[in-house]
Amino acid sequence: MSEQAEAASSYDVHAVEAKWLPVWEQIDAFRADDAAVVSGKREKRYALTMFPYPSGDLHMGHAEVFALHDVISRYWRFRGYEVMNPMGWDSFGLPAENAAIRNDTHPATYTYANIETQLESMKRYGLAFDWSRRLHTSDPEYYHWTQWLFLKLREQGLAYRKNSPVNWCPQDQTVLANEQVLADGTCERCGAEVTKKELTQWYFKTTHYAQELYDCLDELQETWIGKVVNAQRNWIGRSEGAHVVFEVEGHGPVSVFTTRPDTLFGATFFVVAADAKLAAEICAPEQREAFDAYLEDVRKASDIDRLSTERPKTGVFLGRYAVNPVTGERIPVWAADYVLADYGTGAIMAVPGQDQRDWDFAKAFDLPIVRTVQPSEDFDGEAYTGAGPAINSANDEISLNGMHVEEAKSTVIAWLESKGLGNGTVNFRLRDWLLSRQRYWGAPIPIIHCPDCGEVPVPEDQLPVELPELRGADLKPKGTSPLGAATDWVTVDCPSCGGPAQRDTDTMDTFVDSSWYFFRFLSPHDSARAFDPAMAEAWGPVDFYLGGDEHAVLHLLYSRFFTKALRDMGLISWDEPFSAYLSQGKVINNGRKMSKSLGNGVNLGDQLKEFGVDSVRLTLVFASPPEDNIDWADMSPAGSLRFLQRAWRLSGDVTSAAGVDPGAGDVALRKVTHRVVADAEQLVESYRFNVMVAKVMELVNATRKAIDSGCGPEDPAVREAAETVAILLSMVAPYTAEEMWERLGHQPSVAQASWPTVDPALLVQDTVTAVVQVQGKVKARLEVAPDITDDDLEAAALADADVVRAIDGREVRRVVVRAPKLVNVVV
RNA sequence: GCCCCGGUAUCCCAACCGGUAGAGGAAGCGGUCUCAAACACCGUCCAGUGUGGGUUCGAAUCCCACCCGGGGCACCA
């Protein structure tokens, strides 16, 4: 093929990218206008995608999120909303610190170099971000306000310090939040086995909002992806039950939490967590030796062992008896490790008849078992946890016998309350958020420890507390914070008494930084406050948030906590930060997660080089519903490129002039165009971007046909269709769309074009295919008017020769008519 | 063990309230173009919806049980 012919049938993707990038930069079409929103000139939409950590260049995962995110942000712009679409970097964190140790540099070197690399890549990727709002959490201008927020939370009693056994990662040499320890007891960052360590650390009081964090999930259920709501529910772990007070002889009253107060009559022994202080306190002198030996065994067992649910029960008698408040019976008190010290009160009433764990323990130590729920007849198990009438559950004042579980629960709770022996209550699995970290590259905790005054907050006018200059070997993990080595920095005068004092040497968990960044984007350059409440009021909450599943509980829960705390401080008026949340799937390869060890990594840069930005974006958006994983091995970026070339070719075939009235154009094609636009609106709004792309493909096919064998290239409907393709396509493939737009005789940018107005008249079909079934099986198809009446359709159906043959003279018992689409004849 | 989500052609995926199982793509096959090929274009093949029951005039869609895959929680009382 000659070069000329080639030029007419395809375009050079890289040349097109190089051509438009500077033009877009100049047009700067995606700047969010505060005034337009504040004045009410335009309705706001806040689109947010989780900002990246700057580790090297962007990868396939980033490419997917950004491609998906761009669809909705560009769509909203087209629909006339004023769109807030910011981007920045979550730039504090361990990888930079580890790189600094390795290369004997400062973490900032690694961090800011990577940010520049990623920024370049994002720009090349053609994303509609408002770059004027760019922020980095590691800038003093940002962490100034992270520190300020910490102090505000502390003022509210939502940040406090306590001594407690904490999760310790021996690899990263720092403590971890519960959320950062995986279900198998390993560190979510590095995979090392997490151990316990007793330390005094800072906490955010997330439990203060446990109930609200849980309750609000009901509303979020509608607009958040289901699995994340489910994960948060499980994580918060609300359970209803009761506190019941048992008198422990020789010790005093001890309260337990139970979800089954109805089984109280079956409580035949009492168990205290061996590692709880309570156990040591209760222990009788003659059992002390046995208890201490047992406790030592328990401490030696790792978390991994403890996590095994198939372990035989162990424990030791504490030499004391508790009194069952409903039976008055003396029941033995044991210490065991199957009871957790930090859940509920660290003690339980053991009801072996209705709880398998208690059953196992009772069998192991030959303790009595009483059933208090009548098992169903076919039951042949051990503990019976099912429903049934209560039995063996009466004393002189109260009888639960015959009652079903729920009724028995409320009856016994009422009785306990009247006696002052307990009360109905709710317990949560959620724990407070441990935020101290013994690492360098994070926001310093703005507290000064004074021997006389205690914890003293750094005065607000002295914020930010900037990090001291440490680099290379200074940063090596040694179990205490590297900041401690910066003696000049640590030693300060107490702001309260002026005496010698020391700075807190820990830094904050980087999840603190990201818990409020969506507020900072709204007034990113405000040097006087964390964010402008007026802007938060105007733009918040976030209307659409896209991110990864790995943050289902961590970041999303913390951000929700921050939002509620800020609301209670009067800084914002809404309850939840993210009105809608979607998490995208992963990009995998050949059925496996991409990894170096498997050697199946797909390099984004290589893909972009081979197929171009638009093809890669299109492939990722078209592959599947956003939340599903994409197996790159099943994808065809080459096919995407082929499609883009096909679409582009349309723009060169149009011969009518720009601005021609499409009204006189070919009605058949116009109907397709308008149908596609109407469908695209609905599909984007329900995040079914892959189907939206399929609709655009349909339109391209229809337009091609119209040009080659239909109304011809000069028909105004062809121009209308091609322009529509350009606009719709620009949400996914901005370069191709821009190129089309220009060839169609328009000024850049297609991003500033107006969304096609759907003509409802063109959505109406001339005829509809009505299906005639006999006994539910299709026997005939009739072309009928869309507004045909039930009676007319029934008459037409029964008159059809094929239908008459199918009925075969049998008696028609019933005719179901759903005009205009269906008739079902029942014989 | 408990809780979510999914299972549709060879593959990735569509199918509004229950109403013609197929929109789109990939691969395959056949053709046009070509000296030939690649590209491109045109055409075409392909499933009764994980399994078993139920409800219904009618089920991929609703209900029950089970199987498989993914995710969350898990000795949480």
Side-chain angles (χ1 to χ4, degrees), chain A residues 1 5-6 9-10 183 225-237 239 241 256-260 263 271 273 306-311 313 336-340 342-351 354-358 360-361 385 427-430 549 552-553 583 585-586 618-619 622-625 627-631 633-640 642-643 645-646 649 676 679 682-683 686 688 690-701 704-705 708-709 769-778 780-781 813-818 821-827:
Chain A
M1 187 184 276
E6 197 172 336
S9 66
S10 69
I225 186 164
K227 59 177 162 181
V228 170
V229 174
N230 183 250
Q232 294 220 358
R233 272 214 184 92
N234 288 336
W235 186 260
I236 297 169
S239 44
V256 300
F257 173 73
T258 176
T259 56
R260 292 295 301 275
T263 65
V271 189
R306 275 195 76 151
L307 284 163
S308 162
T309 52
E310 297 300 310
R311 232 155 37 102
K313 294 282 180 287
D337 68 352
Y338 83 95
V339 173
L340 305 175
D342 59 353
Y343 184 77
T345 63
I348 62 155
M349 61 181 219
V351 186
Q354 273 77 229
D355 184 290
Q356 189 60 41
R357 296 157 300 181
D358 297 341
D360 294 339
F361 194 84
T385 54
N427 201 46
F428 294 94
R429 206 199 70 100
L430 182 73
D549 282 336
V553 284
S583 51
K586 292 181 183 60
L618 178 71
T619 303
F622 180 54
S624 68
E627 63 273 23
D628 288 4
N629 286 346
I630 295 171
D631 193 332
D634 294 335
M635 295 303 132
S636 172
S640 297
R642 208 179 304 147
F643 164 72
Q645 300 282 8
R646 264 165 66 78
R649 224 170 289 130
V676 165
D679 286 349
Q682 197 211 324
L683 290 163
S686 52
R688 288 182 292 163
N690 56 325
V691 188
M692 185 274 286
V693 170
K695 293 289 170 193
V696 180
M697 290 173 167
E698 210 179 320
L699 179 56
V700 168
N701 293 343
R704 182 79 262 157
K705 218 164 236 162
D708 291 347
S709 55
T769 306
V771 172
V772 186
Q773 301 175 330
V774 176
Q775 299 295 71
K777 298 241 177 346
V778 179
R781 286 158 216 268
R813 300 215 320 259
R814 191 175 157 192
V815 181
V816 180
V817 186
R818 294 283 178 275
K821 294 183 73 175
L822 181 121
V823 178
N824 189 13
V825 181
V826 187
V827 293

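We name chains A, B, ... by the order of the sequence lines, and we start the count at 1 in each one.
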Check whether any side-chain N or O of A:Q773 sits under 3.5 Å from a backbone N or O of A:L822 as a donor-acceptor pair, and report yes or no. no
Distance between the C1' atoms of B:G19 and B:U10, in whole angstroms? 30 Å
Rounding to an integer number of angstrom, what distance separates B:C16 and B:C66 when you compare their C1' atoms? 31 Å
Whole angstrom value for the distance that separates C1' of B:C73 from CH2 of A:W235: 9 Å
Using whole Å, what does the distance between atom P of nucleotide B:G6 and atom NZ of A:K227 come to? 11 Å
Any side-chain N or O of A:N701 under 4.0 Å from OP1/OP2 of B:G25? yes
Base, sugar-phosphate, or nothing for A:E698, non-hydrogen atoms under 4.0 angstrom? sugar-phosphate
Between B:C73 (P) and A:N234 (CG): distance, integer Å: 7 Å
B:U32 to B:A38 separation - C1' atoms, rounded to the nearest Å: 15 Å
Indicate syn or anti for B:C17, taking the glycosidic torsion and treating anything within 90° of 0 as syn. syn
Would you classify A:V771 as touching base, sugar-phosphate or nothing, given that sugar-phosphate means primed atoms plus P, OP1 and OP2, and contacts are heavy atoms under 4.0 Å? base
Base-pairing assignment for B:U10 (Watson-Crick or G-U wobble, both under 3.5 Å): B:A26
Any donor-acceptor pair under 3.5 Å from A:N690 side chain to A:A623 backbone: no
Looking only at atom P, what distance separates B:C57 and B:G48, rounded to whole Å? 27 Å
Within less than 4.0 Å of OP1 or OP2 of B:G19, is there a side-chain N or O belonging to A:R818? no
Searching all strands shown, indicate the nucleotide that pairs with B:G1 (Watson-Crick or G-U wobble; both distances under 3.5 Å). B:C73
Establish, with yes or no, whether the OP1 or OP2 oxygen of B:A77 is under 4.0 angstrom from a side-chain nitrogen or oxygen of A:Y343. yes
As a test of reading the structure: which of B:A26, B:A77, B:C57 is closest to the side chain of A:V816, going by heavy atoms? B:C57
About how many Å separate CD of A:Q354 and CD of A:Q356, when rounded to the nearest 0.5 Å? 11.5 Å
Could you tell me the separation between the CG atom of A:L430 and the CD atom of A:Q232, rounded to the nearest 0.5 Å? 10.0 Å
Rounded off to whole Å, could you give me the CG-to-C1' distance for the A:D631 and B:G70 pair? 14 Å
How does each nucleotide of nucleotides 7-14 of chain B score, in 5' to 3' order, for protein heavy atoms under 4.0 Å: base (B), sugar-phosphate only (S), or none (-)? ----SSSS
Could you tell me how far B:C17 sits from B:C29 if I compare only their P atoms? Round to whole Å. 39 Å
Roughly how many Å is it from CZ in A:R814 to C1' in B:G58, rounded to a whole number? 10 Å
Are A:K695 and A:L683 packed together at the side-chain level, in the sense that at least one heavy-atom pair is separated by less than 4.5 angstrom? yes
Side-chain N or O of A:R642 versus OP1/OP2 of B:C39: is the shortest distance under 4.0 Å? no
Can you tell me, in whole Å, how much space there is between the C1' of B:A40 and that of B:G6? 39 Å
For atom P, what is the distance between B:G31 and B:A36, given to the nearest Å? 13 Å
Whole-Å distance between B:G19 P and A:K821 NZ? 8 Å
Which nucleotide in the list B:G25, B:G71, B:C57 gets nearest to the side chain of A:M697? B:G25
How would you list, by chain and number, every residue that makes a side chain to side chain contact (heavy atoms under 4.5 Å, CB included) with A:S583, sequence neighbours excluded? A:I225, A:K227, A:V228, A:D549, A:Y581
Tell me which nucleotide, if any, is Watson-Crick or G-U wobble paired with B:A40 when both distances must be under 3.5 Å. B:U32
At under 4.0 Å between heavy atoms, what does A:A231 touch on the DNA or RNA strands: base, sugar-phosphate, or nothing? sugar-phosphate
Just call it for A:R813: base, sugar-phosphate, or nothing, with non-hydrogen atoms closer than 4.0 Å on any strand. nothing
Tell me, do A:D355 and A:I348 make a side-chain contact under 4.5 Å, heavy atoms counted? no
When A:Q232 and A:F257 are each assigned the nearest nucleotide of RNA chain B, the 5'-most assignment goes to A:Q232
Going by the glycosidic torsion and a 90 degree boundary from 0, is the base of B:G30 oriented syn or anti? anti
Heavy-atom side-chain proximity of A:R649 to A:R704 below 4.5 angstrom: yes
Please work out if A:N427 contacts a base, only the sugar-phosphate, or nothing of the nucleic acid, heavy-atom cut-off 4.0 Å. nothing
Pairwise C1' distance, B:A60 and B:U51 [rounded to whole Å]: 14 Å
Could you check which of B:C75, B:A77, B:C16 has an atom nearest any side-chain atom of A:K313? B:C75
For the residue pair A:F361 and A:Y338, categorise the inter-ring angle as parallel (less than 30°), tilted (30 to 60°) or perpendicular (more than 60°). tilted
Without decimals, in angstroms, what is the distance between A:L430 CG and B:G72 P? 18 Å
Return the pairing partner of B:A15 with a 3.5 Å limit on both distances, Watson-Crick or G-U wobble; otherwise return none. none
Taken to the nearest whole Å, CD/A:Q356 to C1'/B:A77 is 14 Å
Would you tell me whether A:N234 and A:R429 have side-chain atoms, one donor and one acceptor, within less than 3.5 Å of each other? no
Pairing nucleotide - B:G58, Watson-Crick or G-U, each distance under 3.5 Å: none
pair_partner(B:C45), Watson-Crick or wobble, both distances < 3.5 Å, evaluates to none
Does A:Q773 contact B:G19 through a side-chain donor or acceptor facing the base, at a distance under 3.5 Å? yes
If each of A:G346 and A:R646 is mapped to the nucleotide of RNA chain B with the nearest heavy atom, which maps nearer the 5' terminus, i.e. the 5' end? A:R646
Using a 4.0 Å heavy-atom cut-off across all strands, classify A:T769 as base, sugar-phosphate, or nothing. base
Polar side-chain atom of A:N824 near backbone of A:G776 as donor-acceptor pair, under 3.5 Å: yes
Select one nucleotide: of B:A77, B:G19, B:C76, the one nearest the side-chain heavy atoms of A:V339. B:A77
Return the nearest nucleotide to the side chain of A:L340; candidates are B:A21, B:A77, B:C42. B:A77
Under a 3.5 Å cut-off for both distances, is B:A65 Watson-Crick or wobble paired, and to whom? B:U51
Any base atoms under 4.0 Å from A:S239, or only sugar-phosphate, or nothing? Heavy atoms, all strands. sugar-phosphate
Output for pair (A:D679 CG, A:E698 CD), nearest 0.5 Å, gives 8.0 Å
